[in-house]
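In the text below, chain A, chain B and the rest are named by the order of the sequence lines, each starting its count at 1.
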Protein chains: 2
Amino acid sequence: MRLTTKGRYAVTAMLDLALYGDRGPISLADVSGRQDISLSYLEQLFAKLRRKDLVCSIRGPGGGYRLSRPVETIFVAEIIDAVDERVDATGCAGKSDCQDGQTCLTHNLWSDLSDQIHHFLSDISLASLVERRDVQNVSARQLQRARNTQSIILTAVD
Amino acid sequence: MRLTTKGRYAVTAMLDLALYGDRGPISLADVSGRQDISLSYLEQLFAKLRRKDLVCSIRGPGGGYRLSRPVETIFVAEIIDAVDERVDATGCAGKSDCQDGQTCLTHNLWSDLSDQIHHFLSDISLASLVERRDVQNVSARQLQRARNTQSIILTAVD
DNA sequence: TTTATACCCGACGCTTTTAGTAGGATTTAA
DNA sequence: TTAAATCCTACTAAAAGCGTCGGGTATAAA
């Protein structure tokens, strides 16, 4: 089992779309800027998210990505699944053949743990994240920072 | 966050001691044979378990390892901790500085998940594992296999 | 029709971790 | 003295993580 930046980035980026995507598609460049994630890396993650039909893309200027379903129906667990992070603590991918064809001593312990984690993540929708106070606070801070950066750029142009 | 064979091996080996260690120390060679774990690798894991005072060692022939506390007071979470598997889903080790010094958009989500996992694993003692039906079944199967192997060896000697 | 914006795609590369192996040194019971 | 066991360090092959780089291609706007 692993849960690294890959899964975290994917969820963060999807949440970014949920927060800002109500007025048309969001470019990965914008997500990259707001969330501090490398653009190339985001492209790779979104290729997977698109293959799993979690987002759809609009090419060309003004294009970007949109969530392909309402925020209430997209859950953290499927986002992590989509980018290939297995939320599975067993050594046998749940196949119960950990010790030459049979279950190992602790198979059911890891299997229970996997269920626990999966349950937890399957219950959290993008909609519920958007409503969280802490998410709103961080989002406000990021928007503020974006405005500052913008004004610095504008000043530099003058 | 990761949970790989390292943590699984450690828990399995500790459970092996809990199951068979009531009549004196258990050698790692025995654990290796029963649980299909490389002996050298076990040695490395037990070095860490010993440093964290989860087991104590007896050197020389007839020696091996014993649990250093009663099975009721040893929990899965501390075994995994001892071998350096971090059961922490955040990207900042819980320090809330994921996005240049401040929390990232999803910090609290991962923090909640980490708590969830830690809670789950902190509640499971070696004693409770020993009592589980599935553990007892696998244990019985392993003992049977050990006896078969033994008789094959004895036959070969004849 | 050109140009700039954005998605799309594959290859590569550095680093860290995993899951060991190898080889020996030390302790100690028989 | 011998053999069984723990101890200890170093090494390694393979995988995965986390990107970078360089080029495509579609398309809206100038």
Side-chain angles (χ1 to χ4, degrees), chain A residues 1-13 17 21 24-33 35-52 54-66 68 80 83-89 91-93 98 104, chain B residues 1-13 17 21 24-33 35-52 54-66 68 80 83-89 91-93 98 104:
Chain A
M1 180 179 68
R2 61 192 97 89
L3 211 166
T4 62
T5 58
K6 199 201 288 185
R8 283 195 297 266
Y9 282 175
V11 174
T12 301
L17 295 199
I26 302 286
S27 74
L28 292 189
D30 286 357
V31 178
S32 169
Q35 310 304 336
D36 276 343
I37 305 173
S38 128
L39 178 56
S40 294
Y41 200 42
L42 271 178
E43 287 182 341
Q44 291 172 51
L45 298 181
F46 272 76
K48 294 182 176 184
L49 295 172
R50 201 174 63 95
R51 256 172 254 142
K52 289 287 168 69
L54 289 173
V55 297
C56 49
S57 62
I58 296 96
R59 302 181 71 161
Y65 286 92
R66 282 187 306 120
S68 52
I80 294 174
V83 294
D84 286 338
E85 299 239 72
R86 351 203 87 275
V87 182
D88 176 18
C92 53
C98 352
C104 73
Chain B
M1 180 179 68
R2 61 193 97 89
L3 210 166
T4 62
T5 59
K6 199 201 287 184
R8 284 195 297 266
Y9 282 175
V11 174
T12 301
L17 295 199
I26 301 287
S27 75
L28 292 188
D30 286 356
V31 178
S32 169
Q35 310 303 337
D36 276 342
I37 306 172
S38 130
L39 177 57
S40 295
Y41 200 41
L42 272 179
E43 287 181 343
Q44 291 173 52
L45 298 181
F46 271 74
K48 294 182 177 186
L49 294 172
R50 200 173 64 94
R51 254 172 256 141
K52 289 287 168 70
L54 289 173
V55 296
C56 48
S57 63
I58 296 96
R59 301 182 72 163
Y65 287 93
R66 282 187 306 120
S68 53
I80 294 174
V83 294
D84 286 336
E85 300 239 72
R86 351 202 90 275
V87 183
D88 175 19
C92 54
C98 352
C104 73

Within-4.5 Å side-chain heavy-atom neighbours: [X] and [Y]:
X: A:Leu3; Y: A:Arg8; result: yes
X: B:Ser57; Y: B:Tyr65; result: yes
X: B:Gln35; Y: B:Tyr9; result: no

Contact class for B:Tyr65 vs. all strands (heavy atom < 4.0 Å): base, sugar-phosphate, or nothing?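 If one applies the 4.0 Å heavy-atom cut-off, B:Tyr65 turns out to touch the sugar-phosphate alone, with no base involved.
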Looking across every strand, which nucleic acid part, if any, lies under 4.0 Å from A:Arg50 by heavy atom: base, sugar-phosphate, or nothing?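 Sugar-phosphate contact only.
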Identify which one of A:Leu17, A:Val83, A:Leu54 satisfies the side chain to side chain contact (heavy atoms under 4.5 Å, CB included) criterion when paired with A:Phe46.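 With A:Phe46 as partner, A:Leu17, A:Val83, A:Leu54 yield a single side chain to side chain contact (heavy atoms under 4.5 Å, CB included), made by A:Leu17.
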Which one of A:Leu39, A:Thr12, A:Ile26 satisfies the side chain to side chain contact (heavy atoms under 4.5 Å, CB included) criterion with A:Val31?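 Looking at A:Leu39, A:Thr12, A:Ile26, the match for A:Val31 under the side chain to side chain contact (heavy atoms under 4.5 Å, CB included) is A:Ile26.
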Using atom CG of B:Leu3 as one end and atom P of C:dT17 as the other, report the distance to the nearest whole Å.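 Rounding to the nearest Å, CG of B:Leu3 and P of C:dT17 are 16 Å apart.
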Starting from P on C:dC9, measure out to CZ on A:Phe46 and report it in whole angstrom.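 A:Phe46 atom CZ is separated from C:dC9 atom P by 15 Å.
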Tell me whether the side-chain N/O atoms of B:Thr4 come closer than 4.0 Å to OP1 or OP2 in C:dT17.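 Looking at the OP1 and OP2 atoms of C:dT17, neither is under 4.0 Å from any side-chain N or O of B:Thr4.
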Under 4.0 Å between a side-chain N/O of B:Tyr9 and OP1 or OP2 of C:dT18, yes or no?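 B:Tyr9 to C:dT18 OP1/OP2: no side-chain N or O under 4.0 Å.
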Segment of DNA chain D, first to last nucleotide, that comes within the 4.0 Å heavy-atom reach of chain A: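 On DNA chain D, the outermost contacted nucleotides are D:dA16 to D:dA28.
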Using a 4.0 Å heavy-atom cut-off, write out nucleotides 21-29 of chain C from 5' to 3' as B (base contacted by protein), S (sugar-phosphate only) or - (no contact). B----BBBB
